[in-house]
Amino acid sequence: MGVMTKLTKAMLYSRGFRLTELDGFERLIAGIYGRPDRVPVIMQPYTYAMGMNGLSARRFFSEPEPFIHASYNTAAYFGVDFWSPVFDFYNIELDALGQKLIWRDKSEPDVDTSDPLVKSEDDLKRLKPPVAGKSGRMPYVLESYRRFMEIMKLPPMCYCCAPFTMAVLIRGYVNILRDMRRNPAFVHRLMEFLSMEVTVPWIDTMAELTNSSIIVMSDAWASQPNMAPETVREFCLPYIEKVIRATSTAMRTVLDTGSWGERSVKDPRQVLDIKMDMMLPGNQLKALRPFFLLVWNEDYEEIGIPLARAYAREKKVCLALNIRPNLIEEGPPERIAETVRKLVKEGAGKGKLMLIINLVPPGTPVEHVHTLMAAIRRFARYPIALDLDSMAVAAPAFIPFEDWVAKEGLPI
Amino acid sequence: MDWEADLKGAVVEGDEIKAAQVAKQALDEGADPLSLLQNGAVAGIREAGDIWHAGDYFLPDIILASEAYKEAAKTIEPLLSHGQFSYRGKVLIGAVEGDAHDIGKNIVVSLLKCASYEVIDLGVDVPLQDFVDKVRELEPDILGMGAYMTTTMRGMSEVIGLLDQAGLREKVRVILGGAAVTREYAKEIGADGYGADAAEAVELADHLTGGK
């Protein structure tokens with residue numbers, strides 16, 4: 001079945017036209033637009049896949065085949081609805097620009113913040129934009145997406161680093177704070193360069209290859225309390241809008257997400273409003289867009305899921321909640337199941353909820369992830385059971401990962 | 001010229017250039033270093049901390065205030081005689097081996113300085129044995145370790161074990177923080193406390209040093 005047919009089927013299902021069963025991808029789409037058969041769960045296999053498949057960080061984050069095969073094996077083993085081929089997406093453009101990274105054996109590479117690439121205004125003048133798709137590890141990303149499509153017969157959700165976060169990383173946090181006060185014009189020039197000469201060509205290149213309908217710019221540094229809301233409005237939002245206007249099409253939604261901080265301000269709606277403004281401007285036909293409002297566990301555990309749920313309902317967007325990584329790691333299984341019950345009870349409503357396994361810490365017992373999935377399958381079916389509190393989850397039966405890979409998985 | 005008020009103002013505003021200039025000019029014109037530090041730089045950083053606690057400053061404001069304080073202190077402190085200025089306590093801090101995330105740690109360092117702690121920042125990616133060697137050498141009241149990745153936080157447990165083996169564990173209070181760490185984990189590995197954020201880390205330091 002073609003992608004368009006799947007999208008149409010999922011959208012119809014979400015509106016009540018339930019012709020046939022949904023597969024994982026269709027469940028995700030139906031969950032974004034309305035009510036699927038069950039709350040969808042997507043996974044970012046990331047460094048958990050790296051560890052489970054015995055790969056070094058160097059191989060995982062620079063060789064497309066082991067990266068995609070390991071990620072696929074991990075996601076398929078647990079039976080999640082959809083997975084994203086997530087690499088160290090904050091670093092790709094910076095790496096391509098020449099920013100020094102620190103590589104380690106067992107974890108993702110990181111920007112060397114002690115040695116930012118733009119140390120002065122003159123450095124910005126000297127900076128050459130990457131050749132989109134060719135510089136640094138951009139070919140690794142494109143080839144990974146190509147292999148993802150080969151295996152999944154679907155386009156991936158593409159990821160890149162948002163310009164504002166790129167600016168903070170390439171200039172250094174304290175330096176850019178000083179620039180914002182003393183030399184805001186320089187910050188605007190840096191943002192213009194990173195937005196229009198780095199991000200836009202990179203998004204276009206990824207979109208051209210994948211034909212993906214969702215491209216996500218991740219913006220960790222546009223978070224509170226690291227930045228004041230006014231700062232985000234002045235230096236970040238105008239450029240997000242520019243990028244979205246330059247790259248979004250009738251069939252392609254580009255959005256900025258990944259920031260946090262509802263718990264750090266007096267009124268959490270202040271941050272939620274910013275998150276909406278990171279998606280809406282520049283995207284036409286808003287009602288048809290696959291928007292999702294992502295609220296991280298650190299925030300929803302503080303402000304409460306009902307507040308986030310009510311806000312998302314008011315704005316008519318899907319609410320996305322991650323599952324706390326430490327909970328998955330530490331367990332015990334009973335606590336994991338209880339947490340899923342709470343998330344479903346307070347967040348599922350009548351649809352428009354997705355759960356995200358954004359990070360499973362390496363070394364986490366597979367039993368914990370299987371329990372998580374079993375609890376989602378048990379508790380999160382629509383309509384949500386009235387006797388949810390009295391329902392139990394049986395200990396999941398599973399075969400060891402190595403045996404599963406030998407039987408079903410892709411070679412590393 | 002009211003040098004102390006000027007320096008205090010520069011620190012509150014987070015203007016590190018002005019803070020350094022004022023400190024230098026004041027000293028050139030014979031200002032008393034101790035009074036300049038206490039009533040100028042320290043008073044400024046405390047006021048910035050109060051504004052932050054009241055919710056009227058964001059983190060960038062406090063970070064820049066701390067930078068301004070640092071610049072002023074760099075000029076003034078060499079002129080103080082040993083022991084002339086008394087800190088609330090000495091804190092040794094660093095992100096554990098394998099972890100290069102410095103922002104969270106830097107925020108904690110800033111706020112500890114605001115609260116008049118002497119802070120020795122070992123930086124990021126600190127080899128585990130270095131924590132032990134520095135505790136032996138510098139005799140801090142508190143050792144703060146940060147881990148921002150679950151892959152690196154296990155190193156904290158090792159450091160506590162190494163401190164134990166070296167006979168130093170009873171001489172220093174160990175506090176933990178960072179995105180990967182939880183209160184339960186800190187308790188499990190035998191730390192003396194956990195700070196969920198920078199403000200809590202300072203409260204914890206106050207508690208552990210007993211308002212020294």
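Within every chain, numbering begins at 1; the chains are lettered A, B, ... in the order of the sequence lines, protein sequences first and strands thereafter.
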Visitor: So, taking the atom named CG in B:L59 and the one named OG1 in A:T231, what distance separates them when rounded to the nearest 0.5 Å?
Guide: 11.0 Å
Visitor: Using the salt bridge (charged side-chain N to carboxylate O under 4.0 Å, His left out) criterion, which residues pair with A:E301? Sequence neighbours excluded.
Guide: A:R324
Visitor: Where does A:W221 contact chain B at under 4.5 Å (heavy atoms): side chain, backbone, both or neither?
Guide: side chain
Visitor: Using non-hydrogen atoms and a 4.5 Å limit, figure out which bit of A:E108 sits close to chain B: side chain, backbone, both or neither.
Guide: side chain
Visitor: With a strict 4.5 Å heavy-atom criterion, list every residue of residues 92-102 of chain A that contacts chain B, or say none.
Guide: A:I102
Visitor: Rounded to the nearest 0.5 Å, how far apart are CD1 of B:I63 and OH of A:Y173?
Guide: 5.0 Å
Visitor: Going by salt bridge (charged side-chain N to carboxylate O under 4.0 Å, His left out), name the pairs with one or both residues in residues 109-125 of chain B, residues two or more places apart or in two chains.
Guide: B:K105-B:D121
Visitor: As a quick check of understanding, evaluate side chain to side chain contact (heavy atoms under 4.5 Å, CB included) for A:M227 and B:F58, giving each step before the final call.
Guide: CA-CA 7 Å; A:M227 294 289 166; B:F58 272 86; over 6 Å; no
Visitor: Is it the case that more than 12 heavy atoms not belonging to A:K106 sit under 6.0 Å from its NZ atom?
Guide: no
Visitor: Between B:E13 and A:R182, is the closest basic N to carboxylate O distance under 4.0 Å?
Guide: no
Visitor: Contact part of A:V265 toward chain B, heavy-atom cut-off under 4.5 Å: side chain, backbone, both or neither?
Guide: side chain
Visitor: Could you tell me whether B:E16 and A:R181 have a side-chain N and a carboxylate O separated by less than 4.0 Å?
Guide: no
Visitor: Is there a side chain to side chain contact (heavy atoms under 4.5 Å, CB included) between B:I17 and A:R178? Walk through the geometry before answering.
Guide: CA-CA 11 Å; B:I17 296 173; A:R178 287 179 181 144; over 6 Å; no
Visitor: Might you confirm whether atom CG of A:D122 has over 12 heavy atoms from other residues, nucleotides or ligands at distances under 6.0 Å?
Guide: yes
Visitor: Considering non-hydrogen atoms only, spot the tightest contact between B:G98 and A:S107 and give its length.
Guide: O-OG, 4.5 Å
Visitor: Do A:R104 and B:T152 make a side-chain contact, defined as non-hydrogen atoms from C-beta onward lying under 4.5 Å apart?
Guide: no
Visitor: For the residue pair B:P60 and A:N226, what are the closest heavy atoms and their distance?
Guide: CG-O, 3.1 Å
Visitor: If you count heavy-atom pairs under 4.5 Å with chain A, which of B:V124, B:L64, B:D15, B:V181 comes out on top?
Guide: B:L64
Visitor: Provide the full list of salt bridge (charged side-chain N to carboxylate O under 4.0 Å, His left out) pairs with a residue in residues 186-200 of chain B, sequence neighbours left out, each pair given once.
Guide: B:R169-B:D192, B:R183-B:E200
Visitor: How far apart are the C-alpha atoms of A:N326 and B:E184, what are their side-chain angles, what is the distance that settles it, and do they pass the side chain to side chain contact (heavy atoms under 4.5 Å, CB included) test?
Guide: CA-CA 10 Å; A:N326 290 110; B:E184 293 77 27; over 6 Å; no
